[in-house]
Structures are given as C-alpha cells and as structure tokens.
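Chain A is the first sequence line, chain B the second, and so forth, proteins listed ahead of strands; every chain is numbered from 1.
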Protein chains: 2
Amino acid sequence: MKVDIIISADDISESKIENKVVVVIDMFRATSVIITALNNKCKEVIPYLTIEETLEHAKKLNRESYILGGERRAVKIEGFDLSNSPLEYTQERVENKTVLMTTTNGTRTLTKSTTAKKILIAAMINAKTVAKRLIEINDDVVIINAGTNGNFSMDDYICGGYIINEMLKSNKDLQLTDIAKTASMVYEGHKDILSYVKEATHYSVMKSLELEKDIEYCIRKSIIDVVPEYYDGKIILK
Amino acid sequence: MKVDIIISADDISESKIENKVVVVIDMFRATSVIITALNNKCKEVIPYLTIEETLEHAKKLNRESYILGGERRAVKIEGFDLSNSPLEYTQERVENKTVLMTTTNGTRTLTKSTTAKKILIAAMINAKTVAKRLIEINDDVVIINAGTNGNFSMDDYICGGYIINEMLKSNKDLQLTDIAKTASMVYEGHKDILSYVKEATHYSVMKSLELEKDIEYCIRKSIIDVVPEYYDGKIILK
C-alpha cells in the first residue's frame, strides 16, 4: 500500500492519480465546511468553480431546498447565504438541504481529480475516520493538498501528515514517498498543530480577516466521524 | 527578499524562475561532484542530458584535456572515466581539465532553469558560502531541488532548509513561502542530517549500491567555499 502526496492543485497530473484512491484536503476551510455540513445532515454538497455556474444551478431549484455557500479571497460572496466558515453550517441551517458551494482552491482540486478511482474529503476534523477508511480500502493512496493559488500550503500538508500517522498505527508497512514521509515527520514534530500552522501564509490571511474562531475549529483533531465522497459531481456520505 | 523552493525538476515553470536567482541542488550526487571538481581546480564542468551528446562534444577535444563523468541509475557509464562519486574528482584527476558530465536529475534541472537571472550550484558541502553569496546578491531566490525522477527528494529538501537557515543568520526578514519555511523547520529539527536523510528513497538506493562513503561525504556541512555558476552552457567559478 503506497502513500504519496501532491502538494497543490497545480501539480495534479492524470498519471499520478489514475486508479488511485485520492484524499482531497483544503482544511482552511473548504473541506472543513463540507465535512461539517454533511455531518450536520445536509443532503449533499455540490462544488462549482465559478459563481455564475453556482447561480445557474440554483435557478433550477426550489429556493427552500438549497444553501448558497463559498468565498472569494476568503470572504463571503455577495448575495450568498453563507461564507466559507464551517461554523455557519449548523444543522439548523443545512439539514436536508443541498449546499451549492464555490471556493477557489478546494473546488479546483476536486474537479481536477476526477480520473481517480475514489475521491474522499478530509480535514483535521475527520482525519482519524479517513485514515481508518483508507486502511479498509487497502489500495494505493494519493493525498492531494489543495494548497493556495497553486502553492504548497503548510496547513494542508500537516493534515496529510496526521492522516498518514493514523494509518501507520494500523499498518506499519505503508510505502511512503519522500514527500509523504516528510509530512509524517512534520506532524510528529508538531502534534500541537498550531505551533506549525501559525507560520502558514494562509493562517496570516485568516488572522487578518479575524477568522480566529474558524482556525480554532479547523485545527481540532478528529471530532467528526464521517468521510464525504465526491462522486458524479456531488459530495455525499456513501 | 523572497525565498521559494521548487521541489523537483518536473515542477520548474518559467513564471516561477524568470528573473530570479536560482540555486540548483542535487546533493546525491551531481552538485556535490560539480562543487568538488571545481574546488579541485578543474577548468569547467559541462553538463549534458544524454550520453550521445557528451561523447559528441568529446570528439572535438584533445583526449588529454577532458574527463568523462556521470551516471545512469547511479552507476558509472561504460567507457567513461569517472562515475558520479565526488570522491573520484580529486585534484590529481581533474586539475585544468574540462569535465564533460551527464547525470539524470541534476542536468535536467540545469537545462530547465536557463530563464533565471543567475544559476548557482549548491549542496551541503558548500551551503554556507552559497547562503553568503545569496545575501550579497540580495535578490529574490528560488531554490530548485533536482529531486529524483520528477519526485520530491528528502536529501535535496533538507539541504535547501540548511541554506535558508544560514541566510536567516544574516537577514531575519527573509520572506519565506510555506514550502521554504517548512524546509527550514525540517532542518531545525534534524541538524544531524543523517537522522532525516536515512529515510530518503535516494539514500536506500545508494546504500544498496554500497555508496556509504559518498553519503558520508555529501552530508558534510560547508567544507568547501566555492560557489559554481552555470552560465552559457558551462559551470565555472566566476
């Protein structure tokens, strides 16, 4: 069982992910939102690349049946119901609804990963359950860090390291590539996630937008035990 | 002064390196060979992508004036004078000679970097002097890890981290990207290079070929104070 990491959406190539089980991470904050919304019983999350596509799809639905969510430059989109803060996706807001979502890095990563055998959605908040699922599937894994605008993002990277370390507890014989091994070592050296993540560019951006509560939530470890899956254009619990 | 890292030759793009000062690292072993050969007073090192090109160029030269060096799959090339072991590039062998060299990852990285403003050659063995030179130049830096067959290589990565940490001693205000910051932290956590590098895929390959002496040499810190530069197809001391 091999485990590799791709460090940003820009670095995804078909040859790297074809027939692999892919784990998409955008912990600040798209995948944390998706996991939270599905855990709070939304029906499905449909990710879109553009605001226009999102609104186009919305037109076809009953206004009561969906929530418009997402961000541009980490800020709520005008006319949308919710921003990209996972704390807003409460059961009260999302239960039984379709979440139509557009985010920059996370959505781009998902749409570029469709040649994979299976696409799972991960963040710190569901990492243990993701690791358990991967061990059960027992197939080669590629963890894809959404990154930020095509660049490596410390937050997504340490999250991958945490998932790998959880997998190693069940299977000591994982074959890790050098980049996966390093992520695992980075996590080992920074189990207090904040000690590492506070150096991240993404963290500074969120701090400057006063999103400390989102940060606090997103770095909590394994508080949710669902593993969303991206399938046929939708993210659901299978 | 910004510092970024590109993690493999496959990830080099013009937009990332244009007008930047580039530092190429392939510490196991191409750049360690180049630095050692120039320190031992060879006239120049000319890197080639293929064995054919190397031999083609050699035909034009007096047999006494050059050394044929390089590797394929880490092994000496048939008919060549020297392998890719820096220990073979002694003053006795290389003084005043042109080294015609073909290696897989290192040469590919150099030939893909030509749109940079300046291309310096680094490894553990000359890291401090490289850092000093970069601080003097005082321009944006992109450290390019040759990597292994297009993949991230732990050895090149920690070497970049070491250079960055040496730069930070003179300039605390470097603007590090997340990937550069992580390399610096990996080095901080593994100043005994072997504790990290022994996990590298590349290290296992070298061990299996009984190249322990090369490993020992290549991980020595800052034992050489020259900084080779790739300019107009040749690597020289400017």
[atom1]/[X] to [atom2]/[Y] distance, rounded to the nearest 0.5 angstrom?
X        : Y        : atom1 : atom2 : result
A:Glu199 : B:Met185 : CD    : CE    : 5.0 Å
A:Ile179 : B:Thr201 : CD1   : OG1   : 11.0 Å
A:Thr177 : B:Phe152 : OG1   : CZ    : 8.5 Å
A:Asp10  : B:Asp11  : CG    : CG    : 9.5 Å

Does [atom1] belonging to [X] count more than 12 external heavy atoms closer than 6.0 Å?
X        : atom1 : value
B:Lys112 : NZ    : yes
B:Lys2   : NZ    : no
A:Lys181 : NZ    : yes
A:Lys16  : NZ    : yes
B:Glu210 : CD    : no
A:Arg72  : CZ    : yes

Let me know if A:Ser195 has heavy atoms under 4.5 Å from chain B in its side chain, its backbone, both or neither. backbone
Which atoms of A:Ile158 are under 4.5 Å from chain B, going by heavy atoms: the side chain, the backbone, both sets, or neither? neither
Counting N and O atoms only, with roles assigned by atom type, does the side chain of B:Asp178 sit under 3.5 Å from a partner on the main chain of A:Ala200, one being a donor and the other an acceptor? no
Name the region of B:Ile7, side chain, backbone, both or neither, that has any atom closer than 4.5 Å to a heavy atom of chain A. side chain
